[in-house]
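Below: the structure, in structure tokens.
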Amino acid sequence: MKRYDVIIIGGGAGGLTVASGASSLGAKVALIEKEQNLGGDCLHVGCVPSKAFIQAAKEVYTARNKATSLGLTVSGETTLKQVNERVKKSIDVIQEHDSDERFTSMGIDLYKGYGHFTSDHTVLIQDEEIYGKRIVIATGSRPFVPPIKGLEEAGYWTNETIFKQEHLPKELLVIGAGPIGLELSHAMARLGSNVTVVEHAPTLLSKEDSDISHVASKKLGRELTFLLESEVKEVKRENGKKNVMIDVKGTMKQFTFDEILVAVGRTPNSDKLQLERAGVQMDEKGFVPTNDRLQSNVKHIYAIGDINGKYPFTHVAGEEGKTVVQNAVMGIPKKMNYSEIPWIIYTDPEIFHIGITEAEAKSKGIEYSVYKVSLEDVDRFVADHDTSGLVKIITNSKGYMIGAHAIGQGSGDWMQTVIFAMKNKKKIGDLSQMIFPYPNHAAAIQRTADLYWREKLFSGIIPKLTKTYIKWFR
């Protein structure tokens, strides 16, 4: 039986981070991946293909709807086949960075196939059993498909299948208005589908700050049809169409669609791991709970990425991977800090989030201040003729930022300055002291931070001192 310092089950973002980091520190590493290629969901059916898909849709939308204002005429139709061929090219380029050869050249032993525990230190892959001093579970998640009557028989798409389709449906039903549902809904609408989104909750984007979700809902509502407080009850396939019964706020209504996209959440890939043989505990949904050092209840077995049920983002899995390397390989205790995890929803305009919302600050009894600027007041957005959005920064009583939120074209890029400032415990006033080249989009941050100094100048001690100074020298 081969023996390793670290065994990693799962070759996605988190698993690859641990594998490369541990190997570079001299550990003997085994990496197990169930799919033919490394990279995980992010590369093959998640982050990368969805963003390539969204960009293609944005270009189609811009050509059709904005070029006319400049005197251009655009004609023709695109197909999902053309869009997804372009998506595949993006995947292929990035796949080279996650090639088998790259990781085997680091001295990592790569195993292909499903791995499952046979004890708390051993894992079986097909017919080979290996031993690990430390084991990292990084098996990710997959789409959750609700038990809707007739759905399986009628057929449906998920994020795992949409990027393989060739024909654009005229009428598309999307079940679920989370980040995945909204991103793909918006892209499909811009490619030419009439999209109806069914959401069980009474509002959209409940995890976002209310000011942000209000703008986003209004903007998205112009291109998508939303059925809130609604639930799909039954699907029947008839004459090549899908007849769907939907409970809309207590009233049953029938609709007809060409295709259905399911995006109601994720379920962890823990069912084939046989975790009971290792003594690893799961919660009622199948996630593996961990402490702040990413350890499961079995201390030498770690869980990172979607499988631990914390934050289902690639960048979080990567950061968790770095934390595990420090804890499990270097032996230097490090806790994972989730208080400043940013995320972006890649609708158009993009939604940026870090820290707490105003409602959360209020519910926690925090003494806070809010600084908010509309993109209509930022010259670069005016020049771009794209002023839909705002920036909102929440600080504590000492001026330290505890939450920052934005909606606007490219906000996921130009709000990065705030991430850096919060990470390094800077105050909002420090952002105002930066020099922002004119006219750029990040000036929205400067305009927001300037409000802090304006407040200090006109309502704090400075006006009193100024009046005293003027009076003294008269």
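We use all heavy atoms of the structure for the numbers below, so side chains are in, but hydrogens, waters and symmetry mates are not.
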| query | So, K425 and D430, do they make that salt bridge, N to O below 4.0 Å? | reply | no

| message | Taking the six-membered ring of F257 as reference, does the cationic atom of K242 (NZ for Lys, CZ for Arg) lie under 6.0 Å from its centre and within 45° of its axis? | response | no

| Atom CD1 of I341 and atom CD1 of I354: how far apart are they, to the nearest 0.5 Å? | 8.0 Å

| query | So does K398 pair up with E367, basic N to acidic O under 4.0 Å? | reply | no

| query | Would you say the side-chain atoms of N308 pair up with the backbone N or O of A303, donor to acceptor, closer than 3.5 Å? | reply | yes

| message | Would K88 and N84 count as a side chain to side chain contact (heavy atoms under 4.5 Å, CB included) here? Give the steps. | response | CA-CA 6 Å; K88 188 177 184 304; N84 283 332; over 6 Å; no

| With E128, which residues qualify under side-chain contact (heavy atoms from CB on, under 4.5 Å), at least two apart? | K2, Y111, I130

| query | Take atom NZ in K426; do more than 12 heavy atoms of anything else shown fall under 6.0 Å from it? | reply | no

| said: Could you check whether any side-chain N or O of D247 sits under 3.5 Å from a backbone N or O of S230, counting only pairs where one atom can act as donor and the other as acceptor? | reply: no

| With a 4.0 Å cut-off, would you call E320 and K322 a salt bridge? | no

| query | Is H214 atom NE2 crowded by more than 12 heavy atoms from other residues, nucleotides or ligands, each under 6.0 Å away? | reply | no

| said: For the backbone of G11 and the side chain of E33, can you confirm whether one donor and one acceptor N or O come within less than 3.5 Å of each other? | reply: yes

| message | Test of understanding: with ring pair (Phe, Tyr, Trp, His ring centres under 6.0 Å), list the residues that count as partners of F144, not counting sequence neighbours. | response | none

| field | Least distance between heavy atoms, K299 atom then Q295 atom | value | O-NE2, 3.0 Å

| request: Tell me, please, which residues at least two apart from E229 pass side-chain hydrogen bond (donor to acceptor under 3.5 Å, both in side chains). | output: none

| task | Please confirm whether the backbone N or O of A444 pairs with a side-chain atom of T448, one donor and one acceptor, at under 3.5 Å? | result | yes

| task | Of all the heavy-atom pairs spanning S23 and M106, show the shortest one and how long it is. | result | OG-O, 2.8 Å

| task | Please report the shortest heavy-atom distance between P146 and V264, naming the atom on each side. | result | CD-CG2, 3.6 Å

| N159 and R266: side chain donor to acceptor below 3.5 Å | yes

| query | Where do A201 and L228 come nearest, in terms of heavy atoms and distance? | reply | O-CB, 3.7 Å

| request: Measure the shortest side-chain to side-chain distance between F103 and L16 over non-hydrogen atoms and say whether it is less than 4.5 angstrom. | output: yes

| field | Intermediate values then yes/no, salt bridge (Lys or Arg N to Asp or Glu O under 4.0 Å), E231 and K233 | value | CA-CA 6 Å; E231 185 178 0; K233 291 296 187 180; 3.4 Å; yes

| query | What do you reckon, is NE2 of H200 surrounded by more than 12 foreign heavy atoms closer than 6.0 Å? | reply | no

| Between S141 and D306, does any side-chain donor sit less than 3.5 Å from a side-chain acceptor? | yes

| Between the main-chain N or O of I407 and the side-chain N or O of S411, is there a donor-acceptor pair closer than 3.5 Å? | no

| field | Contact summary for S119 and A278, nearest pair of heavy atoms | value | O-CB, 3.7 Å

| message | If you count every heavy atom of other residues, nucleotides or ligands that lies below 6.0 Å from K28 atom NZ, does the total exceed 12? | response | yes

| task | Indicate yes or no for a side-chain donor-acceptor contact from Q281 to the backbone of N297 under 3.5 Å, with no hydrogens or angles considered. | result | no

| field | Inter-residue atom distance Q416.CD - F352.CZ, 0.5 Å rounding | value | 6.0 Å

| query | If you measure only the distance, is there a donor-acceptor pair under 3.5 Å linking the side chains of N327 and R293? | reply | no

| Would E319 and N337 count as having a side-chain donor-acceptor pair, cut-off 3.5 Å? | no

| request: Specify whether F163 and F53 have parallel, tilted or perpendicular ring planes, treating 30° as the upper limit for parallel and 60° as the lower limit for perpendicular. | output: perpendicular

| task | Using a strict 4.0 Å threshold on nitrogen-to-oxygen distance, state whether K241 and D258 make a salt bridge. | result | yes

| Could you state the interatomic distance from NE2 (H353) to OG (S213), rounded to the nearest 0.5 Å? | 11.5 Å

| request: Determine, step by step, whether E350 and W414 satisfy the side chain to side chain donor-acceptor pair (under 3.5 Å) criterion, reporting the C-alpha distance in whole Å, the side-chain angles of both residues, the deciding distance to 0.1 Å, and the verdict. | output: CA-CA 11 Å; E350 290 178 356; W414 48 261; over 6 Å; no

| Over 12 non-hydrogen atoms of neighbours within 6.0 angstrom of CD in E276 | yes

| message | Walk me through whether E259 and K170 qualify under salt bridge (Lys or Arg N to Asp or Glu O under 4.0 Å). | response | CA-CA 9 Å; E259 294 293 348; K170 183 177 180 181; over 6 Å; no

| Will you find, in the side chains of T118 and T122, an N or O donor that is under 3.5 Å from an N or O acceptor? | yes

| remark: One should read off an interatomic distance between I135 CD1 and I9 CD1, to the nearest 0.5 angstrom, of 6.0 Å

| task | Please step through side chain to side chain contact (heavy atoms under 4.5 Å, CB included) for the pair V235 and I260, ending with a clear verdict. | result | CA-CA 10 Å; V235 181; I260 299 172; 3.8 Å; yes

| request: Output yes when a side-chain donor or acceptor of N269 lies under 3.5 Å from a complementary backbone atom of T139, and no otherwise. | output: yes

| How far apart are the C-alpha atoms of V215 and L390, what are their side-chain angles, what is the distance that settles it, and do they pass the side chain to side chain contact (heavy atoms under 4.5 Å, CB included) test? | CA-CA 8 Å; V215 174; L390 61 93; 3.7 Å; yes

| query | Where the side chain of T62 meets the backbone of E59, is there a donor-acceptor pair that is under 3.5 Å apart? | reply | no

| message | Which residues pass the salt bridge (charged side-chain N to carboxylate O under 4.0 Å, His left out) test with E358, not counting sequence neighbours? | response | K392

| message | Take a 6.0 Å sphere around NZ of K335 and say whether it holds more than 12 heavy atoms from other residues, nucleotides or ligands. | response | no

| Full working for salt bridge (Lys or Arg N to Asp or Glu O under 4.0 Å) between D271 and R142 | CA-CA 11 Å; D271 49 319; R142 61 185 183 275; 3.3 Å; yes

| query | Quick one: CD1 on I301 to OG1 on T290, what's the gap to the nearest 0.5 Å? | reply | 13.0 Å

| Do H44 and E35 get their side chains close enough for a donor-acceptor pair, meaning under 3.5 Å? | no

| Rounded to the nearest 0.5 Å, what separation is found between the OH atom of Y371 and the CD1 atom of I428? | 6.0 Å

| said: Using modelled atom types and a 3.5 Å cut-off, is there a donor and acceptor pairing between side-chain atoms of S270 and backbone atoms of G286? | reply: yes

| With no hydrogens and no angle check, is any side-chain donor or acceptor of H186 less than 3.5 Å from a backbone partner on T347? | no

| remark: Residue pairs passing the salt bridge (charged side-chain N to carboxylate O under 4.0 Å, His left out) test with at least one member in residues 173-192, sequence neighbours excluded, are K51-E183, R190-E223, R190-D348

| task | Any pair with a residue in residues 97-106 that passes side chain to side chain donor-acceptor pair (under 3.5 Å), sequence neighbours left out, goes on the list, sorted by first then second residue, please. | result | D100-K112

| query | Angle class for the W343/F313 ring planes (parallel below 30°, perpendicular above 60°, tilted otherwise)? | reply | parallel

| Taking all atoms of both residues into account, what is the closest heavy-atom pair of A22 and V329, and its distance? | CB-CG2, 3.7 Å

